[in-house]
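Before any comments, here is the structure.
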Number of protein chains: 4
Amino acid sequence: MVPLPESTSARFFDDSVNGSSASKVPNPRRRSERAHQAILNAAAELLEEVGYADMTIQAIAAKAGVSNKTIYRWWSNKAAVVMEAFAERTANVVAIPNTGSLRDDLLAFIQASFVAHKTMKFGSTMASLVAAIHTDSTLAEAFREQFIARRRAAVRQIFEQAIEHDELSALDLDVVIDQVYGPIFYRLLVGHAPLDNQFAETLVNNLLLGVTKSKNSSKF
Amino acid sequence: MVPLPESTSARFFDDSVNGSSASKVPNPRRRSERAHQAILNAAAELLEEVGYADMTIQAIAAKAGVSNKTIYRWWSNKAAVVMEAFAERTANVVAIPNTGSLRDDLLAFIQASFVAHKTMKFGSTMASLVAAIHTDSTLAEAFREQFIARRRAAVRQIFEQAIEHDELSALDLDVVIDQVYGPIFYRLLVGHAPLDNQFAETLVNNLLLGVTKSKNSSKF
Amino acid sequence: MVPLPESTSARFFDDSVNGSSASKVPNPRRRSERAHQAILNAAAELLEEVGYADMTIQAIAAKAGVSNKTIYRWWSNKAAVVMEAFAERTANVVAIPNTGSLRDDLLAFIQASFVAHKTMKFGSTMASLVAAIHTDSTLAEAFREQFIARRRAAVRQIFEQAIEHDELSALDLDVVIDQVYGPIFYRLLVGHAPLDNQFAETLVNNLLLGVTKSKNSSKF
Amino acid sequence: MVPLPESTSARFFDDSVNGSSASKVPNPRRRSERAHQAILNAAAELLEEVGYADMTIQAIAAKAGVSNKTIYRWWSNKAAVVMEAFAERTANVVAIPNTGSLRDDLLAFIQASFVAHKTMKFGSTMASLVAAIHTDSTLAEAFREQFIARRRAAVRQIFEQAIEHDELSALDLDVVIDQVYGPIFYRLLVGHAPLDNQFAETLVNNLLLGVTKSKNSSKF
DNA sequence: CAATAAACGAGACGGTACGTCCCGTCTTCAG
DNA sequence: CTGAAGACGGGACGTACCGTCTCGTTTATTG
């Protein structure tokens, strides 16, 4: 649920202007589940059909057979609706492998992720959501919890499995996870180069062995 | 100049809908340099004042003392204006070090970059531009050339210096550069963790040595 | 009661579109008198506070501590509620004098009416109700019975007293009554001139004596 | 023109809340006459088709092929648009007779007016405008000048012709004019009785001769 | 050094989405 | 099992910005 984040840990860009919201809060117990799902479905379909930028709240309302007021009652803006629809449909699509080999697990996971990126204009939607979180702190919180934290947890688990198997000594996994997702995210959003198997392999090799050691890694 | 890219190399998300522009092309020789600069200044100021999302072309025009038609004559949309203003003001602010140590050079460069990220709501503006390139192929091309390529070239040079010094054997630098910028870009846009010195150091160490460095890595 | 008129005498503008109301009729014996009065009180207070135009059914409901459904159950629209509240509070406020002098009685009655026009934004409310009756025939019927007929009967009685006293010969009182109320109504609604004593006196004199005779009526 | 009243004579109900309007005033020299006329035409047609109450600014805009902003730029609300359209189309439709007989002139004029009242849902539109002037002082001023003053001037002229012909001695015509229009306006808006020839004749007779004419009126 | 054509400022325009408001109906839940 | 509370679909509101389009005016190349 977007509107009810309970965590409030420190974040690293200012969210400042979201203020407001003193206006009457609706009672969630009376919420129409029919309308709720119709809205998320409409949003997901429009995302495929026209993309985030050309999507409007009025169009979602019309497609869902719902008053625009009903959307505004439960979400603060377009980004929030899309986030919920997008999160719901892209969650848990990638299983976490556990073969005993860190390299194999990581590579398999990354390659599976690439496949998942073909739906719902993934890169473009992600880019739009990322832009939106910079002006809406509530959304930012939800985004980090819905997408970022969950995916990071998966990669973390892969590394922790390796530590458990003694394949790896304990280390600061936060930066390591950034090193896994960072390059992928960067290519996904900037589009300067493709997310293909070769990229995945080189990335994993470099990450595990380091680039100054890779002069010896000709066997890969 | 944004509107006149000549490169058309293959890219990795579809840009499709940018069409149009069959309309009369204005004569750049008659362009008013006064208006040109006034517009870029106004855009840069508004970026600081209200941020990308709350900025409008009409507001830029008003602040620049210019007709909105004059803006539309030379740029295709808000993102294009902002891109030019932003590129002009954030270019070449970071010198490329050459101490003889790859690690030191890389770390110094990254830390200097972090400092440059404090201006013009860097992360937020970047996020907005990244979102915009997904619906405007002309802009995408310009963005990759103005920002991405230039910065990548700097990092590439640092690694090439190391190769020249024999500190490193030749390798596929494209992915390596993604491994430098990816994690930074990821933290910058998602905001889940800060861009601080510790992050820079861990990133550089992991990248150069690999995360499995302390173990016997012969089994890979 | 507004919604239950039994008279259906011919009227002089088309009421056509009032349709509806085939829906289940509530049982008036079960009506909550507490809610009934609370609604009329709330309507009357809002009339004073914000005027007819800025008043909403939702606001009446809120102020009365009543569900909006309860209002819709017993009245067809805002105009009907206001009509009942307004009628209840402006009825019979002016006594009918009987001094033996038609002129004196008429003048006294008119002047007393002017005083009554100071409450509940009388002119403005009247104007709004008059506008409303043109699109709601049920309301129109009620309005003519609640306001118009009652007031006309008062003036009619004054003239009939005069006929009884032989001060006047019998004549078509319908038009005469229009000649009493018409000018007052006209000033009240159009607001081009005040409802003051001088107006009342000139009106009565002209009406009784005629304007072509008034060259002789210098004594007034 | 509605927006440019120059007279500011005292009026008799409070207009209070129209405030504001400090927002930028558009330049009338750049006004599109095409749009202006299209809007008035659309308004007039909608007035005939659906009546004032069921007419919306959006519908006028759509019918006129105009942006709703263009309407709001030049008029403050629906009533103002309708007023201008209505005034333009109902002005000067009744010629002022001058036969030498006050009674004949007045009767002819009134009967001709009745005929003019068949267009554009005259009574209903008038009622709505009258309601509107009670919450919009700018409109009120315009209404009194566009409709009320012009029509009053016509009747005034008829009486002044009679005074010139020595058929009548000079007297306070303001109240006399109220006595002509008042009863008509009252029947027009309230609809309790028709505007027919008999009404016109009785009204004129009573007005000129007085209702006590047949008796010895010296006691008044 | 005109003249002439283009860019310019100003800003109205058609269009469309915004987010708010109220309507009148329908659903839920507490007494 | 009534009735308050209030969410709902519908739709108009008035605002804002978009990008296009006149208008004159200014400016700078060209003949």
Side-chain angles (χ1 to χ4, degrees), chain A residues 23-24 26-32 34-36 38 54-62 64-74 76-78, chain B residues 20 23-24 26-32 34-36 38 54-59 61-62 64-78, chain C residues 20 23 26-27 30-32 34-35 54-59 61-62 64-73 75-78, chain D residues 23-24 26-32 34-36 38 54-62 64-74 76-78:
Chain A
S23 66
K24 187 132 52 69
N27 182 347
R29 304 209 346 243
R30 320 200 83 178
R31 182 170 196 174
S32 159
R34 187 189 62 68
H36 187 174
D54 289 344
M55 185 176 171
T56 69
I57 295 236
Q58 326 289 310
I60 299 172
V66 140
S67 164
N68 65 358
K69 181 59 186 288
T70 299
I71 298 184
Y72 287 115
R73 200 186 331 270
W74 301 108
S76 58
N77 51 46
K78 177 172 74 163
Chain B
S20 76
S23 65
K24 185 134 49 65
N27 181 349
R29 298 191 13 226
R30 311 202 61 164
R31 181 169 196 175
S32 157
R34 186 191 63 69
H36 187 172
D54 289 344
M55 185 176 172
T56 70
I57 294 231
Q58 328 287 314
V66 142
S67 165
N68 66 357
K69 181 63 182 283
T70 299
I71 298 183
Y72 287 115
R73 201 184 333 267
W74 303 106
W75 292 274
S76 58
N77 50 46
K78 176 173 75 166
Chain C
S20 75
S23 64
N27 181 347
R30 313 201 61 164
R31 181 169 197 173
S32 156
R34 187 190 64 69
D54 290 344
M55 185 176 172
T56 70
I57 294 233
Q58 327 287 315
V66 142
S67 164
N68 64 0
K69 182 61 184 283
T70 300
I71 298 183
Y72 287 116
R73 204 189 326 275
W75 292 273
S76 59
N77 51 46
K78 177 172 74 165
Chain D
S23 67
K24 185 128 56 62
N27 181 347
R29 302 208 348 242
R30 319 201 83 181
R31 182 171 196 173
S32 158
R34 186 188 62 68
H36 187 173
D54 289 345
M55 185 176 172
T56 69
I57 294 234
Q58 327 290 312
I60 299 172
V66 140
S67 164
N68 65 358
K69 181 59 187 289
T70 299
I71 298 184
Y72 288 115
R73 196 183 338 266
W74 301 108
S76 58
N77 51 46
K78 178 172 74 164

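Computed from heavy atoms alone, side chains included, the values below leave out hydrogens, waters and symmetry copies. In what follows, every chain begins at residue 1, and chains take the letters A, B, ... in the order their sequences are listed. All of these numbers come straight from a predicted model, not from anything done at the bench.
Judged by distance alone with a 3.5 Å cut-off, no donor-acceptor contact links the side chain of B:S32 to the base of E:dA7. For C:S67 against F:dG3, a side-chain-to-base donor-acceptor contact under 3.5 Å is absent.
Following rounding to the nearest Å, C:I57 (CD1) and E:dT25 (C1') show an atom-to-atom distance of 13 Å. Atom-to-atom, CH2 of C:W75 to C1' of E:dG24 comes out at 16 Å; the value is rounded to the nearest Å. For D:N27 and E:dG9, the CG to C1' distance is 13 Å, given to the nearest whole Å. Put simply, CD1 on A:I71 is 14 Å from C1' on F:dA7, counting in whole angstrom units. As a whole-Å value, the separation of D:R73 CZ from E:dC13 C1' is 6 Å. Between B:M55 atom CE and F:dA16 atom P the separation is 19 Å, expressed in whole Å. Rounded to an integer number of Å, the gap from CD1 of D:I60 to P of E:dG14 is 14 Å.
Using a 4.0 Å heavy-atom distance criterion, B:N77 is classed as making no nucleic acid contact.
Of all heavy-atom pairs spanning B:M55 and B:K78, the tightest one is O-NZ, 3.0 Å. In plain terms, the two heavy atoms of B:S32 and B:A35 that are nearest each other are OG-N, 3.0 Å. Closest approach of A:N77 and A:I57 over heavy atoms only: C-CD1, 4.0 Å. For the pair B:A64 and B:A38, the tightest heavy-atom approach, listed with the atom from each and the gap, is CB-O, 3.5 Å. Residue D:S67 comes nearest to D:A61 through the heavy atom pair C-CB, 4.1 Å, listed as atom of the first residue, atom of the second, then distance. Considering all non-hydrogen atoms of both residues, A:P28 and A:P26 come closest at CD-O, 3.2 Å.
If you check E:dC23, E:dG9, F:dG9 against the side chain of B:T70, the one that comes closest is E:dG9. Nearest nucleotide to the A:R31 side chain, out of F:dC8, E:dG19, E:dC23: F:dC8. When each of E:dC13, E:dG9, F:dA12 is scored by its nearest atom to the side-chain atoms of A:N68, the top-ranked nucleotide is F:dA12. The side chain of B:P26 sits closest to E:dA7 out of F:dG3, E:dA7, F:dG10.
Between D:K78 and C:G65, the one whose closest nucleotide on DNA chain F sits nearer the 5' end is C:G65. Both C:Y72 and B:A64 lie near DNA chain E, and the one whose nearest nucleotide falls closer to the 5' end is B:A64. Mapping B:D54 and C:K69 onto DNA chain F via the closest heavy atom, the residue that lands nearer the 5' end is C:K69.
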## Note on the structure
With sugar-phosphate taken as primed atoms, P, OP1 and OP2 and all else as base, the protein-contact string of nucleotides 24-31 of chain F at under 4.0 Å (heavy atoms; B, S, -) is ---BB-S-

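Applying the 4.0 Å criterion to OP1 and OP2 of E:dC13, one finds that D:W74 has a side-chain N or O inside that range. Taking 4.0 angstrom as the limit, C:R34 places a side-chain polar atom (N or O) nearer than this to OP1 or OP2 of F:dA4. Listed pair D:Q58 / F:dC13 meets the phosphate criterion, a side-chain N or O lying under 4.0 Å from OP1 or OP2.
Here A:S76 pairs with A:A80, A:D136 under the side-chain contact (heavy atoms from CB on, under 4.5 Å) rule; sequence neighbours left out.
Cation-pi contact between A:R30 and A:W74: absent, since separation from the ring centre below 6.0 Å together with deviation from the ring axis within 45° is not met.
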